[in-house]
Visitor: 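Right, I'll just put the structure down here and ask away after.
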Amino acid sequence: MLMLVDCSNCLTPLQLPPGAQIIRCGLCDAVTRIAGASRSLTSPPPRQSPSSSFSHAPSPFSHTPPPPPPAHGRKRAVVCAVSYKRSRHELKGCINDAKCMKYLLVNKFKFPESSVLMLTEEEADPFRRPTKQNMRMALFWLVQGCQAGDSLVFHYSGHGSQQRNYTGDEVDGYDETLCPSDFETQGMIVDDEINATIVNPLPAGAKLHAIVDACHSGTVLDLPFLCRMDRNGRYIWEDHRPRSGVWKGTSGGEAISFSGCDDDQTSADTSALSKITSTGAMTYAFIQAIERGHATTYGNMMNAMRSTIRNTDGGGGGGIVTSLISMLLTGGSLGKLRQEPQLSANQQFDVYTKPFSL
């Protein structure tokens, strides 16, 4: 059962992830420490008048914490990039993916900058680095207090993997996983946990979009339906609901996931130019589809993304922009990429009539 604690500063109820001894409030940025396994908290700071500013330790990102967002119609995002610096697993494009995604959310889709939580290894705040515990806490924060009208986004760029499933809930016999920066010592985050944390609690009227740029990510949110699309844009919805009857849907809300590839494929991390311009192929294709005006429907989005990745050898004209995209996605030597972005959802819909929006 989830444990609720009150923020030590603004008293907002917070869902404490299992095993966590400390939690940061997503509204006022205060840190609350948990004494043992009980609801005991450290002494809160002195109460202040409504007109005074917050007096807890300043965030390295903002000297004046923003006021709490309105309780309805909020936009909130977790943008997570794991580059595994100084390890044999190092990726070059993930940090750039995260920065580009935040820019897109803030400038194109009007997400408040204060409501976009970044987890990268570049962050000075240790609570905003992509460790397993921090990623878990960020996912809890994403859905905290979610209501009808809210729009949530989870973007992940990093390694993905698989592990054997012994419950019979997976069509292919494997759970999909995300790899935090400390996965070699703390373990991976399994799709079952992701589903239970950010999919299952979604109330009616709320929507969640996940953009997961990782290997083996086709069904990483464990959503009930996968859109199987061929190269001509024809599609059918595959039923991935567990035979055990375990509920993998929402509590009335809408959950849609764009993933970098199928469960049995890998996603490319390319470094053709410099470290600044290295990028995940799927993230680049996702942003490009929006910037080029293809984000009218989910079907058009998928076709545009797949076309970009499929045609990485160029030859289609378009001058310097096409050449740049080709270089980014091929690394100058890989030729055509062997990955196909996937779309999954908590319910079936017509991908060519449903408008795309974040």
Side-chain angles (χ1 to χ4, degrees), residues 153-156 160-178 189-200 202 207-268 281-282 285-286 289 294-310 337-356:
V153 169
F154 171 52
H155 175 261
Y156 172 85
S161 188
Q162 291 179 304
Q163 64 184 36
R164 176 68 69 178
N165 172 272
Y166 295 100
T167 64
D169 286 349
E170 295 284 346
V171 172
D172 61 359
Y174 288 90
D175 285 315
E176 283 63 52
T177 62
L178 300 182
I189 299 179
V190 183
D191 53 8
D192 297 314
E193 178 180 348
I194 299 170
N195 180 278
T197 303
I198 63 174
V199 174
N200 190 258
L202 279 178
K207 63 180 179 180
L208 165 73
H209 285 89
I211 303 102
V212 182
D213 198 348
C215 298
H216 312 293
S217 55
T219 61
V220 74
L221 259 65
D222 248 6
L223 294 172
F225 299 99
L226 175 69
C227 181
R228 189 66 71 184
M229 183 177 288
D230 67 18
R231 293 198 167 197
N232 296 315
R234 296 171 299 193
Y235 72 94
I236 60 170
W237 286 97
E238 287 184 355
D239 190 340
H240 282 244
R241 287 175 291 186
R243 289 172 293 179
S244 65
V246 173
W247 179 246
K248 293 291 185 177
T250 68
S251 296
E254 181 177 50
I256 296 175
S257 175
F258 291 92
S259 50
C261 61
D262 210 345
D263 286 342
D264 61 353
Q265 293 179 325
T266 57
S267 292
M282 180 266 192
F286 180 85
H294 299 302
T296 51
T297 66
Y298 288 88
N300 291 341
M301 273 286 292
M302 288 298 295
N303 284 322
M305 291 167 61
R306 288 179 164 209
S307 177
T308 294
I309 293 177
R310 189 180 303 131
L337 299 176
R338 302 180 186 277
Q339 69 179 92
E340 293 184 328
Q342 302 293 319
L343 179 73
S344 58
N346 67 303
Q347 58 187 0
Q348 304 176 59
F349 58 87
D350 185 339
V351 301
Y352 290 113
T353 60
K354 185 177 179 65
F356 169 80

Visitor: Within the 4.5 Å heavy-atom criterion, are Q342 and R306 side-chain neighbours or not?
Guide: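 Answer yes - side chains close enough.
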Visitor: Within the side chain of D191, is there an N or O that forms a donor-acceptor pair under 3.5 Å with the backbone of E176?
Guide: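 Answer holds: yes.
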Visitor: Would you please name every residue forming a side chain to side chain contact (heavy atoms under 4.5 Å, CB included) with N303, sequence neighbours left out?
Guide: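 Result, side chain to side chain contact (heavy atoms under 4.5 Å, CB included) vs N303: M229, Y352.
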Visitor: Could you state the interatomic distance from NE2 (H155) to CD1 (I211), rounded to the nearest 0.5 Å?
Guide: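 Between H155 NE2 and I211 CD1, I get 6.5 Å after rounding to 0.5 Å.
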Visitor: Can you list the residues that meet the side chain to side chain donor-acceptor pair (under 3.5 Å) rule with H209, with sequence neighbours excluded?
Guide: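 With sequence neighbours excluded, H209 shows a side chain to side chain donor-acceptor pair (under 3.5 Å) to Y298, given in chain and number order.
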Visitor: How close do M305 and A285 get, counting heavy atoms only, and between which atoms?
Guide: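 Here M305 and A285 meet closest at CG-O, 3.7 Å.
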Visitor: I need the minimum non-hydrogen distance between D213 and A281, along with the two atoms involved.
Guide: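 In this case the closest contact between D213 and A281 is OD2-N, 4.0 Å.
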Visitor: Measure across G160 and A214 and return the closest heavy-atom pair with its distance rounded to 0.1 Å.
Guide: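 Answer, listing the atom of G160 first, then A214: N-CB, 3.8 Å.
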Visitor: Could you tell me which residues satisfy salt bridge (charged side-chain N to carboxylate O under 4.0 Å, His left out) with D350, sequence neighbours excluded, listed by chain and number?
Guide: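 By the salt bridge (charged side-chain N to carboxylate O under 4.0 Å, His left out) rule, D350 matches no residue at all.
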Visitor: With sequence neighbours excluded, what pairs up with F154 under the ring-ring contact (aromatic ring centres under 6.0 Å, His included) test?
Guide: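 Applying ring-ring contact (aromatic ring centres under 6.0 Å, His included) to F154 gives none.
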Visitor: Suppose we screen for side chain to side chain donor-acceptor pair (under 3.5 Å). Which residues come up paired with T296, at least two apart in sequence or across chains?
Guide: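 Counting only residues at least two positions away or on another chain, T296 forms a side chain to side chain donor-acceptor pair (under 3.5 Å) with N300.
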Visitor: Testing the basics here: between M302 and P341, what is the closest heavy-atom pair and its distance to 0.1 Å?
Guide: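 Distance-wise, the nearest heavy atoms are CE-O, 3.1 Å.
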Visitor: Say whether, by atom type as modelled, one donor and one acceptor occur between the side chain of T177 and the main chain of S161 under 3.5 angstrom.
Guide: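 Yes, the answer is positive, given that a donor and an acceptor are paired below the 3.5 Å cut-off.
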Visitor: Between N195 and V199, is there a donor-acceptor pair closer than 3.5 Å when you use the side chain of the first and the backbone of the second?
Guide: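 Judged by distance alone, no pair lies under 3.5 Å.
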Visitor: Examine distances only and state if a side-chain atom of D222 and a backbone atom of K248 form a donor-acceptor pair shorter than 3.5 Å.
Guide: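 Not a single qualifying donor-acceptor pair exists.
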Visitor: For the pair T297 (side chain) and T353 (backbone), establish whether a donor and an acceptor sit closer than 3.5 Å, ignoring hydrogens and angles.
Guide: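 No; zero donor-acceptor contacts below 3.5 Å.
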Visitor: Got a second to check how far S257's OG is from L223's CG, nearest 0.5 Å?
Guide: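 Those atoms lie 6.0 Å apart.
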Visitor: Could you walk me through whether F225 and D239 pass the side chain to side chain contact (heavy atoms under 4.5 Å, CB included) check?
Guide: CA-CA 5 Å; F225 299 99; D239 190 340; 4.0 Å; yes
Visitor: List for me each residue that meets side chain to side chain donor-acceptor pair (under 3.5 Å) alongside R231, sequence neighbours excluded, and say none if there are none.
Guide: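 Side chain to side chain donor-acceptor pair (under 3.5 Å) check on R231 returns nothing, list empty.
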Visitor: Are L221 and L208 side-chain neighbours, meaning at least one heavy-atom pair lies under 4.5 Å?
Guide: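 A side-chain contact exists here, since the closest heavy-atom pair is under 4.5 Å.
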Visitor: Under the criterion side chain to side chain contact (heavy atoms under 4.5 Å, CB included), I'd like the reasoning laid out for F356 against I256: C-alpha separation, chi angles, the key distance, then a yes or no.
Guide: CA-CA 10 Å; F356 169 80; I256 296 175; over 6 Å; no
Visitor: N232: which residues meet the side chain to side chain donor-acceptor pair (under 3.5 Å) condition with it, sequence neighbours left out?
Guide: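 None.
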Visitor: Can you measure from CE (M301) to NZ (K354) and round to the nearest 0.5 angstrom?
Guide: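 With rounding to 0.5 Å, CE (M301) is 14.0 Å from NZ (K354).
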Visitor: Nearest heavy-atom pair of L178 and I194: which atoms, and what distance?
Guide: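 Smallest heavy-atom distance, with atoms named: CD1-CD1, 3.7 Å.
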Visitor: Could you tell me whether a side-chain N or O of Q347 sits under 3.5 Å from a main-chain N or O of A345, the two making a donor and an acceptor?
Guide: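 Here the side-chain-to-backbone pair does not exist.
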Visitor: Can you tell me how far SG of C227 sits from CZ of F349, rounded to the nearest 0.5 angstrom?
Guide: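 One finds 7.0 Å between CZ of F349 and SG of C227.
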Visitor: Rounded at 0.5 Å granularity, tell me how far CG in D192 sits from CG in N200.
Guide: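 Here the rounded value is 12.0 Å.
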Visitor: Could you report the tightest heavy-atom contact between L343 and L226, atom names first, then the distance?
Guide: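 Answer, listing the atom of L343 first, then L226: O-CD1, 3.4 Å.
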